[in-house]
Number of protein chains: 2
Amino acid sequence: MMREFKRKLRILLVDDNAEHLRGVKELISLEAGYDVVGTTTSANIAINLIKKYRPDIVLMDINMPEKDGLQAIQEIEKLELDTKVIALSGYDDADLIFRAMKLGAKGYVLKTMASAQLIYAIDEIAAGKIYLPSALSSRFFEYFQRSFKNESDTAAQENLLSYLTSREEEVLDLLTQGNNYKGIAAKLFISETTVKTHVNNIFQKLQVNDRTQAVLYALNNGFAGRRRVKAAV
Amino acid sequence: MMREFKRKLRILLVDDNAEHLRGVKELISLEAGYDVVGTTTSANIAINLIKKYRPDIVLMDINMPEKDGLQAIQEIEKLELDTKVIALSGYDDADLIFRAMKLGAKGYVLKTMASAQLIYAIDEIAAGKIYLPSALSSRFFEYFQRSFKNESDTAAQENLLSYLTSREEEVLDLLTQGNNYKGIAAKLFISETTVKTHVNNIFQKLQVNDRTQAVLYALNNGFAGRRRVKAAV
DNA sequence: AATTTTATCAATCCAAAGATTTAGGACATT
DNA sequence: AATGTCCTAAATCTTTGGATTGATAAAATT
């Protein structure tokens with residue numbers, strides 16, 4: 001298969017198995033339009049090579065003993081380059097796939113994959129897409145849905161948050177941002193005692209004893225989808 | 001396209017657009033091996049129909065005004081039946097796709113999709129797989145990776161949690177479970193004043209003013225990966 | 001028209017939380 | 001031997017938080 005021509009795709013291969021490394025290199029070199037700019041058996045060296053040569057694609061074996069390939073992916077992503085990493089693995093383990101994709105891998109291919117399919121994956125990913133063979137994609141989604149199952153189970157049980165009035169929701173929202181009574185009063189332009197009343201009502205409805213528990217309940221029960229808090233002054 | 005024969009696949013169609021509903025029904029009825037057991041324009045009615053007829057597949061339009069199709073998916077999943085829901089939408093919006101899959105949809109297809117492809121999707125999903133057309137799959141993964149980008153960025157920036165001693169981590173951990181001083185003291189077998197000392201040190205290190213902010217900081221910065229709190233007594 | 005819910009506020013009162021200082025003993029490091 | 005960190009603890013003091021009661025007015029419901 002041949003890409004529409006522009007310039008050669010620059011590829012870096014990382015695999016601790018030197019045997020397999022040679023095989024893949026040869027395989028890719030047979031195709032026109034691909035340039036293997038380097039091969040290495042070490043993830044650490046790979047990082048340096050990437051910084052130097054800025055390849056378009058990195059084929060990264062993630063089952064390496066020395067340094068974890070997943071960790072390497074994470075480090076590469078932190079560099080914020082245009083380099084796209086394809087995870088290469090002998091195993092179609094759902095957790096591995098999930099973690100690799102989570103860390104920013106643009107694809108995940110098995111070592112047993114046919115060469116034509118590998119080339120196809122490289123092309124797709126080089127073109128900016130994300131590529132997962134359908135079998136692996138299925139595994140990924142099963143894992144993905146399992147990992148969200150618990151969350152929605154929580155939502156399944158009665159959600160006390162639904163008893164809050166809209167004003168109480170506003171107050172709780174400010175609580176989940178780390179505000180105290182004074183802060184909430186100022187932000188809502190109401191008196192501190194009114195805030196106290198609301199907060200007390202919130203406690204009753206959520207069946208908790210204090211603001212921390214209220215905030216935890218809110219976050220754990222999908223209140224306004226977890227937000228980030230800047231460490232307050 | 002024809003499934004290998006076993007029994008007819010029982011399908012329920014849900015779409016607030018009666019026009020489109022008829023179209024899809026006809027389309028599916030033309031194929032052998034598929035039995036449209038019901039059609040409805042209301043998500044609420046759909047839930048009841050599912051309880052009654054236990055279809056194999058539900059094609060659920062998720063762009064309905066009255067009741068949200070996504071919410072319907074969630075409710076169907078809560079029933080824990082064998083019924084598989086396929087999200088049907090006019091939009092290939094990444095957020096919609098993500099939310100549908102998160103809620104347990106086994107597939108997501110566009111209304112503009114060719115009929116052969118729809119049948120294929122139904123077959124795949126009926127067979128227990130998950131089906132996302134590759135274009136939508138790409139969108140999903142881009143969204144997925146974006147949503148994890150911030151998390152790793154957070155990890156990249158200085159994490160004040162790293163300054164905590166192991167004892168302080170224990171104390172913070174108990175704080176994130178909604179404990180007060182007394183509770184923490186009892187659980188760690190130390191005096192309440194000692195707990196206060198630890199907590200104060202934690203505040204200093206995390207640069208926060210009170211326990212709620214400390215807890216929020218902890219949760220937002222990957223402290224012991226968010227845990228669930230049962231509403232305390 | 002009558003009732004309930006919601007939002008507002010005040011005044012207490014007590015308990016809890018938070019700030020600060022001081023200090024002893026264990027342990028590791030220099 | 002001296003220094004530093006960590007865990008422990010007490011004492012004191014101020015502030016904040018939380019519970020309770022009662023009250024007014026607008027708004028929504030019945």
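Keep in mind it's a predicted model, so treat the numbers as computed, not measured. Quick note on labels: first sequence line is chain A, next is B, and so on, each numbered from 1.
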What's the CZ-C1' distance between B:F203 and C:dG18, to the nearest Å?
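The distance from CZ of B:F203 to C1' of C:dG18 comes to 7 Å, rounded to the nearest Å.
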
For B:D210 and B:K205, take the nucleotide of DNA chain D holding the closest heavy atom to each; which residue's nucleotide lies nearer the 5' end?
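Upstream on the strand: B:K205.
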
Side chain B:K84, main chain B:K106, donor-acceptor under 3.5 Å
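No.
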
Measure the distance from CD on A:Q207 to P on D:dA19 and round it to the nearest whole Å.
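These atoms are roughly 14 Å apart.
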
Between D:dG18 atom P and A:L206 atom CG, what is the distance in whole Å?
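Rounding to the nearest Å, CG of A:L206 and P of D:dG18 are 13 Å apart.
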
Report the distance from atom CD of B:Q213 to atom P of C:dA17, rounded to the nearest whole Å.
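It works out to 16 Å between those atoms.
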
Side-chain N or O of B:Y181 versus OP1/OP2 of C:dA15: is the shortest distance under 4.0 Å?
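Result: no.
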
Taking the side chain as C-beta and beyond, is there a heavy-atom pair between A:D56 and A:D82 under 4.5 Å?
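Of all side-chain heavy-atom pairs linking A:D82 with A:D56, none is under 4.5 Å.
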
Please work out if B:N200 contacts a base, only the sugar-phosphate, or nothing of the nucleic acid, heavy-atom cut-off 4.0 Å.
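Touches a base.
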
Flag side-chain contact, heavy atom, 4.5 Å: B:R99 against B:I62
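A side-chain contact is absent here, since even the closest heavy-atom pair is not under 4.5 Å.
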
Whole Å only: how far is the CD atom of B:Q204 from the P atom of D:dC6?
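Rounded to whole Å, this separation is 14 Å.
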
Are B:Y217 and B:F203 close enough that their ring centres sit under 6.0 Å apart?
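Judged by ring-centre distance (under 6.0 Å), B:Y217 and B:F203 do not meet the cut-off.
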
Protein-nucleotides 7-14 of chain D N/O pairs under 3.5 Å:
unit_1: D:dC7; atom_1: OP1; unit_2: B:T165; atom_2: OG1; d: 3.4
unit_1: D:dC7; atom_1: OP1; unit_2: B:R167; atom_2: N; d: 3.1
unit_1: D:dC7; atom_1: OP2; unit_2: B:T165; atom_2: OG1; d: 2.4
unit_1: D:dT8; atom_1: OP1; unit_2: B:R167; atom_2: NE; d: 3.2
unit_1: D:dT8; atom_1: OP1; unit_2: B:R167; atom_2: NH2; d: 2.6
unit_1: D:dT8; atom_1: OP2; unit_2: B:R167; atom_2: NE; d: 2.8
unit_1: D:dT8; atom_1: OP2; unit_2: B:H198; atom_2: NE2; d: 2.9
unit_1: D:dA9; atom_1: OP2; unit_2: B:S191; atom_2: N; d: 2.7
unit_1: D:dA9; atom_1: OP2; unit_2: B:T194; atom_2: OG1; d: 3.0
unit_1: D:dA9; atom_1: O5'; unit_2: B:T194; atom_2: OG1; d: 3.3

Just the rounded figure in Å: distance from C1' of D:dG17 to CG of A:N179.
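These atoms are roughly 15 Å apart.
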
So that I can tick it off, tell me whether A:E75 and A:K78 are bridged by a salt bridge, with the cut-off set at under 4.0 angstrom between side-chain N and carboxylate O.
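No salt bridge links A:K78 with A:E75.
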
Check this for me: does any side-chain nitrogen of one of B:R139 and B:E142 sit under 4.0 Å from a carboxylate oxygen of the other?
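Not counted as a salt bridge, because no side-chain N and carboxylate O are separated by less than 4.0 Å.
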
Within the structure provided, determine whether A:K111 and A:L88 are in side-chain contact (heavy-atom separation under 4.5 Å).
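Result yes, sub-4.5 Å side-chain heavy-atom pair found.
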
Counting side-chain heavy atoms from C-beta on, which of D:dG18, C:dA16, D:dT16 comes nearest to A:K182?
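Taking heavy atoms from C-beta onward, the closest nucleotide is D:dT16.
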
Would you kindly give the CD1-to-C1' distance between B:I202 and C:dA17, to the nearest whole Å?
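Computing the B:I202:CD1 to C:dA17:C1' distance gives 14 Å.
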
Quickly work out the B:N209 CG to C:dT20 P distance and round it to whole Å.
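My rounded result for the distance is 11 Å.
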
